[in-house]
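Small disclaimer: the values here were computed from a predicted structure and weren't measured.
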Amino acid sequence: MATLQPVRGTHDLLPDEQRRHRHVVEAARDVAARYGFAEIATPIFEFTEVFKRTLGDTSDIVTKEMYTFRDRGGEEITLRPEYTAGIARAFISGGLAQELPLKVFASGPMFRYERPQKGRLRQFHQIDVEILGVPEPQADIEVIALGAHILGELGVLPRTTLELNTLGDGESRAAYREALVAYFSDHRARLSEDSRARLERNPLRILDSKDPGDRALIGAAPRLSEHLNAASTAFFAAVREGLDILGVRHTVNERLVRGLDYYTHTAFEFTTEALGAQGAVLAGGRYDKLIEAMGGTPTAGIGWAGGVERLAMLLTDPPVAPRPIALVPVGEAAQLPALRLAHELRGAGFCVELGYRGNIGRRLKRADKLGAACAVLIGEDELARGAITLRDLDTGAQREVALADIAAALARFRAPAAAPAP
RNA sequence: GCGAGCGUAGCUCAGCUGGUUAGAGCACUAGACUGUGGAUCUAGGGGUCACGGGUUCAAGUCCCGUCGCUCGCCCCA
């Protein structure tokens, strides 16, 4: 078993699990389409430089979590740890500045070399949306409302909380950062070791510390809201007003921050208590300076990523497989006619399971196990009369139907009628 | 990367202070039942007790290492 284990932090998606994942992704794609987001896909790997530029040299993701390797041509390649970088790169290299405003939806696997935990894997999956080219708060409102809508569609919204904050524009943010560094530098000796490191690399992150000593200092620290300029305050107010009008409930959490300089204004997280330490289920923010930082012409951006595994774990009523129609040939002579009938019904859009072996009892038992809604029995008697026997497997009622009328008789068993939840 | 706990059949678990060929339930396969499923009964297949080493007359049980999972920390989706 040791050698046949999947690589640490990777997981097989067997049918039940894959169905849950698919349900999450399809619900998201579907709702996003209603909001006018077009689906795109970018490569699973990029030049390492793409992620270094977007994530910054000091983030944990870049310093220790990337799957990086050199390919046979000597290029430095990295398996994508998140989606935004690839989309930003595609935006620049594909000349999409002509298409603004651009609204895209994407999903797929991500890779981070982390210590696995519940809801945290080395290969995991995300859904992702981005709006490029809209500096107005309307984009923030739309993107957050879309997230809430998807969570609602999945039935998990009641188990989440939306936390919201603003980092302000570049000016406000720089002013606050300065005040914060000054304050914590004065109290450097009392900071935890982790937070002393943060002070050098990522001072805003100290606000997020769980260390009790840090928490005491944080209480008296300068507040972000006191350093917002008028424009930033108005922007945040507009976002909140929009959410209120849409009935998207949220709480302001001033300690919710993003470390890197190209993040601006809105930061948000839908979190849950249900997944232990990995509470963030869908999170994002505004990154008006990112495209510029990557070498493109300045373009506003906002988006979020949602964790498919985490969302799938929160589903309360998991999707079920479509109920097939079980075709049951009775006797040797019925085998080929049944094969032909299965082919025709499938062509007509029915979900049909034709057993492989066994007598009628065995086949019905198998049909039952598959959750078949009905069985179509075809034997010598039926062949002689040009008919089939249709048995409703829920009620046990059964009747003979002429072959010519079969499609109509089966109409109510057409997949994907959902089976009752187990 | 740091700290702690846990690995016995596909799943959930039992297996006493080390002591014969490692068990149960569920699931699976087959038969009772070659024109009628869900139930019942009977039989069967499945395990290098995560992997490797050590202690011992004897290891699923004790010790060490490795791998994996879980829970915190860190970070995040």
Side-chain angles (χ1 to χ4, degrees), chain A residues 1-11 14 16 24 28 55 58-65 81-84 107-128 147 160 192-195 197-198 202 205 208-211 256-259 269-272 275-284 303-314 326 328-334 355 357-383 389-398:
Chain A
M1 206 197 279
T3 54
L4 289 180
Q5 283 172 340
V7 173
R8 180 177 214 191
T10 68
H11 226 274
L14 301 180
D16 282 347
V24 169
L55 295 167
T58 61
S59 73
D60 272 24
I61 291 181
V62 168
T63 54
K64 53 187 201 198
E65 294 178 2
E82 54 115 36
Y83 229 131
T84 308
S107 70
M110 304 292 155
F111 305 85
R112 290 183 199 172
Y113 192 88
E114 294 189 275
R115 183 95 174 242
Q117 248 180 69
K118 183 179 183 181
R120 189 168 84 182
L121 300 167
R122 289 185 174 181
Q123 178 179 341
F124 61 105
H125 299 79
Q126 286 187 335
I127 49 178
D128 186 282
T160 65
S192 68
E193 201 182 319
D194 279 344
S195 285
R198 291 185 182 109
N202 206 340
R205 272 268 164 229
D208 230 355
S209 174
K210 291 174 189 162
D211 181 90
L256 179 62
V257 293
R258 295 283 124 95
E269 258 177 38
F270 288 88
T271 62
T272 180
L275 297 179
Q278 277 64 241
V281 123
L282 189 152
W304 53 248
V308 175
E309 280 80 2
R310 293 179 185 182
L311 290 168
M313 280 191 283
L314 287 180
V328 179
V330 183
E332 234 1 85
R357 70 186 74 85
N359 60 27
I360 184 167
R362 170 155 306 288
R363 286 174 186 262
L364 282 174
K365 200 173 275 194
R366 177 81 180 147
D368 202 47
K369 196 156 294 172
L370 290 170
C374 67
V376 170
L377 282 70
I378 177 166
E380 288 176 26
D381 298 352
E382 286 85 352
L383 284 172
T389 295
L390 175 59
R391 180 179 182 83
D392 184 319
L393 290 175
D394 291 333
T395 65
Q398 116 181 3

Under the side-chain contact (heavy atoms from CB on, under 4.5 Å) test, which residues partner Glu380(A), sequence neighbours left out? Ala333(A)
Determine the interatomic distance between C1' on rA9(B) and the same-named atom on rG60(B); round to the nearest Å. 14 Å
For Gln398(A), side chain to side chain donor-acceptor pair (under 3.5 Å) partners two or more places apart: Arg391(A)
Under 4.0 Å, counting only non-hydrogen atoms across every strand here, what does Leu14(A) touch: a base, just sugar-phosphate, or nothing? nothing
Could you tell me how far rG46(B) sits from rA32(B) if I compare only their P atoms? Round to whole Å. 23 Å
Taking side chain as C-beta onward, heavy atoms only, is Phe124(A) less than 4.5 Å from Arg310(A)? no
For a quick check, tell me whether the side chain of Arg205(A) and the base of rC74(B) share a donor-acceptor pair closer than 3.5 Å. no
My validator wants the stems of RNA chain B: runs of 3 or more consecutive Watson-Crick or G-U pairs, both distances under 3.5 Å, written as range with range. B:1-7 with B:67-73, B:10-13 with B:23-26, B:28-32 with B:40-44, B:50-54 with B:62-66
Using the test salt bridge (Lys or Arg N to Asp or Glu O under 4.0 Å), find all partners of Glu269(A) that sit at least two apart in sequence or belong to another chain. Arg258(A)
Residues which pass side-chain contact (heavy atoms from CB on, under 4.5 Å) with Ala28(A), listed by chain and number, not counting sequence neighbours: Phe105(A), Ile127(A), Ile150(A)
By salt bridge (Lys or Arg N to Asp or Glu O under 4.0 Å) - contacts of Asp392(A) (at least two apart): Arg412(A)
What's the gap between rA24(B) and rG44(B) when it is taken at their P atoms, as a whole Å value? 11 Å
Taking the P atom in each of rG25(B) and rG18(B), what is the distance between them to the nearest angstrom? 29 Å
For a quick check under 3.5 Å, do His125(A) and Glu309(A) share a side-chain donor-acceptor pair by atom type? yes
Whichever of Gln117(A) and His125(A) has its nearest RNA chain B nucleotide further upstream toward 5': Gln117(A)
In 5'-to-3' order, the base (B), backbone-only (S) or no-contact (-) status of each nucleotide in nucleotides 31-38 of chain B, using a 4.0 angstrom heavy-atom cut-off, is S--SBBBB
For Gly379(A) and Ala334(A) the tightest heavy-atom approach is CA-CB, 4.0 Å
Tell me what Ala283(A) touches on the nucleic acid: a base, only sugar-phosphate, or nothing, going by heavy atoms under 4.0 Å. sugar-phosphate
Answer with yes or no whether Arg112(A) presents, from its side chain, a donor or acceptor under 3.5 Å of a partner atom in the base of rC76(B). no
Among all residues two or more places apart in sequence or in another chain, which pass the side chain to side chain donor-acceptor pair (under 3.5 Å) test with Arg122(A)? none
Arg120(A) atom CZ is separated from rC75(B) atom P, nearest whole Å, by 11 Å
Taking atom P in both rC13(B) and rG31(B), compute the distance separating them and give it to the nearest angstrom. 33 Å
Determine the interatomic distance between C1' on rU55(B) and the same-named atom on rG65(B); round to the nearest Å. 15 Å
Sequence neighbours excluded, which residues qualify as side chain to side chain donor-acceptor pair (under 3.5 Å) partners of Ser107(A)? none
How about Thr10(A) and Leu121(A): do any of their side-chain heavy atoms sit closer than 4.5 Å? no
Check every strand shown and say whether Gly147(A) touches a base, only sugar-phosphate, or nothing at a heavy-atom separation below 4.0 Å. nothing
Spacing of the P atoms in rA43(B) and rU48(B) (rounded, Å): 25 Å
Show me the pairs that pass side chain to side chain donor-acceptor pair (under 3.5 Å) and involve residues 363-378 of chain A, at least two apart or across chains. none
Between rC11(B) (P) and Asp16(A) (CG): distance, integer Å: 14 Å
Under the salt bridge (Lys or Arg N to Asp or Glu O under 4.0 Å) test, residues paired with Asp16(A) that sit two or more places apart: Arg19(A)
Please determine, for the side chain of Lys118(A), which listed nucleotide (rC71(B), rC69(B), rC75(B)) has the closest atom? rC71(B)
What is the nucleic acid contact for Arg8(A), judged by heavy atoms within less than 4.0 Å: base, sugar-phosphate only, or nothing? sugar-phosphate
Roughly how many Å apart are rA4(B) and rG54(B), using the C1' atom of each and rounding to a whole number? 25 Å
By the 4.0 Å heavy-atom rule, please label Glu309(A) as base, sugar-phosphate, or nothing. nothing
Give me the distances for all protein-to-nucleotides 2-8 of chain B N/O pairs that come in under 3.5 Å?
unit_1 : atom_1 : unit_2    : atom_2 : d
rC2(B) : N4     : Arg115(A) : NH1    : 3.0

When all nucleic acid strands are considered with a 4.0 Å heavy-atom cut-off, which category describes Gly119(A): base, sugar-phosphate, or nothing? base
